[in-house]
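Keep in mind the model is a prediction, meaning the values are calculated, not measured. Both counts, for ligands and for their atoms, begin at 1 and track the order of listing.
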Amino acid sequence: MSGFSPGFRGRTHAFEGRLPPGQYPTESFPVLSAGPTPHVPTEDWSLTVTSETGESRTWSWEEMTALPQQHPTVDIHCVTRWSKFDTRWSGVGLDTLLEQVESDAGFVVAESYDGYTTNLPLEDLTGNKAWLVHSFDGYPLAPEHGGPARLLIPHLYFWKSAKWVRALRFTTENEPGFWESAGYHDHGDPWREQRYWND
Ligand SMILES: Nc1nc2c(c(=O)[nH]1)N[C@H]1C(S)=C(S)[C@@H](COP(=O)(O)O)O[C@H]1N2
Ligand SMILES: [Mo]
């Protein structure tokens with residue numbers, strides 16, 4: 001177990017099998033943003049899903065929060081090596097949103113209010129394993145953590161969980177996003193340590 005400080009041993013043991021390779025557990029919730037935090041009032045917020053043919057569907061805040069809500073408790077893993085266990089969120093399953101727009105495309109680009117983008121294969125967003133979340137630990141999601149709403153895709157490194165998301169765009173071709181164009185792995189599976197291009 002090299003790479004762990006002794007103080008973490010007990011906790012690591014308690015989370016046996018839940019810590020991906022090269023990660024350490026933390027109780028804190030670090031903030032990692034490429035730029036300044038955008039402040040988007042919920043009255044001005046919307047989410048648009050667009051197909052590869054240009055068909056689209058937009059939800060206002062009121063409409064989005066009226067959709068069926070889910071309450072996932074999940075482990076999250078950042079490529080900077082911290083992992084946080086049993087994080088509690090509320091939001092809408094991405095299946096619910098994506099099924100409203102007809103598409104034959106295999107990829108999705110998430111676009112955010114700060115200009116950030118990240119790319120995902122559709123199969124990583126469907127099957128009840130990805131969400132648009134607006135609450136963390138029972139409280140409205142703080143702006144620095146992506147409030148009013150962000151993606152939550154816990155089975156991939158956390159850079160894929162776009163904060164301040166405003167659009168999901170279906171694409172036929174895979175289009176690398178912000179970090180994926182800058183050396184991060186295209187897919188980002190923490191269990192396979194897909195951190196950088198050559199991993
Ligand atoms: N819109 C946007 N989303 C983003 C980022 C960003 O800079 N802008 N940073 C990503 C990175 S690199 C990580 S590790 C996580 C950090 O989320 P947190 O600040 O809530 O811990 O958000 C991801 N989502
Ligand atoms: Mo990150």
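Between Phe170 and Phe107, the gap from one ring centroid to the other reaches at least 6.0 Å.
Sorted by first and then second residue, the salt bridge (Lys or Arg N to Asp or Glu O under 4.0 Å) pairs with a member in residues 115-131 form an empty list; sequence neighbours excluded. Residues in residues 147-160 take part in these salt bridge (Lys or Arg N to Asp or Glu O under 4.0 Å) pairs, two or more places apart or across chains: Lys160-Glu180.
In summary, the side chains of Asn128 and Asp95 do not present any donor paired with an acceptor at a separation below 3.5 Å, with no hydrogens or angles considered.
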For ligand 1, run through the N/O pairs with the protein that fall under 3.5 Å and put one pair on each line.
| residue | atom | partner | partner atom | Å |
| --- | --- | --- | --- | --- |
| ligand 1 | 1 (N) | Ser112 | OG | 3.3 |
| ligand 1 | 1 (N) | Asp114 | OD1 | 2.9 |
| ligand 1 | 1 (N) | Asp114 | OD2 | 3.2 |
| ligand 1 | 1 (N) | Lys163 | O | 2.9 |
| ligand 1 | 3 (N) | Lys163 | N | 2.8 |
| ligand 1 | 7 (O) | Ala34 | N | 2.7 |
| ligand 1 | 8 (N) | Asp114 | OD2 | 2.8 |
| ligand 1 | 9 (N) | Leu32 | O | 3.2 |
| ligand 1 | 17 (O) | Arg150 | NH2 | 3.2 |
| ligand 1 | 19 (O) | Leu32 | N | 2.9 |
| ligand 1 | 19 (O) | Lys163 | NZ | 2.6 |
| ligand 1 | 20 (O) | His145 | ND1 | 2.6 |
| ligand 1 | 20 (O) | Arg150 | NH1 | 2.7 |
| ligand 1 | 21 (O) | Pro30 | O | 2.6 |
| ligand 1 | 22 (O) | Arg150 | NH2 | 3.4 |
| ligand 1 | 24 (N) | Ser161 | O | 3.2 |

Before you tell me yes or no, could you show the steps for His77 and Gln23 under side chain to side chain donor-acceptor pair (under 3.5 Å), namely the whole-Å CA-CA distance, both residues' side-chain angles and the distance that decides it to 0.1 Å? CA-CA 8 Å; His77 311 289; Gln23 297 292 112; 4.7 Å; no
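With sequence neighbours excluded, the residues forming a side chain to side chain donor-acceptor pair (under 3.5 Å) with Thr87 are Trp89, listed by chain and number.
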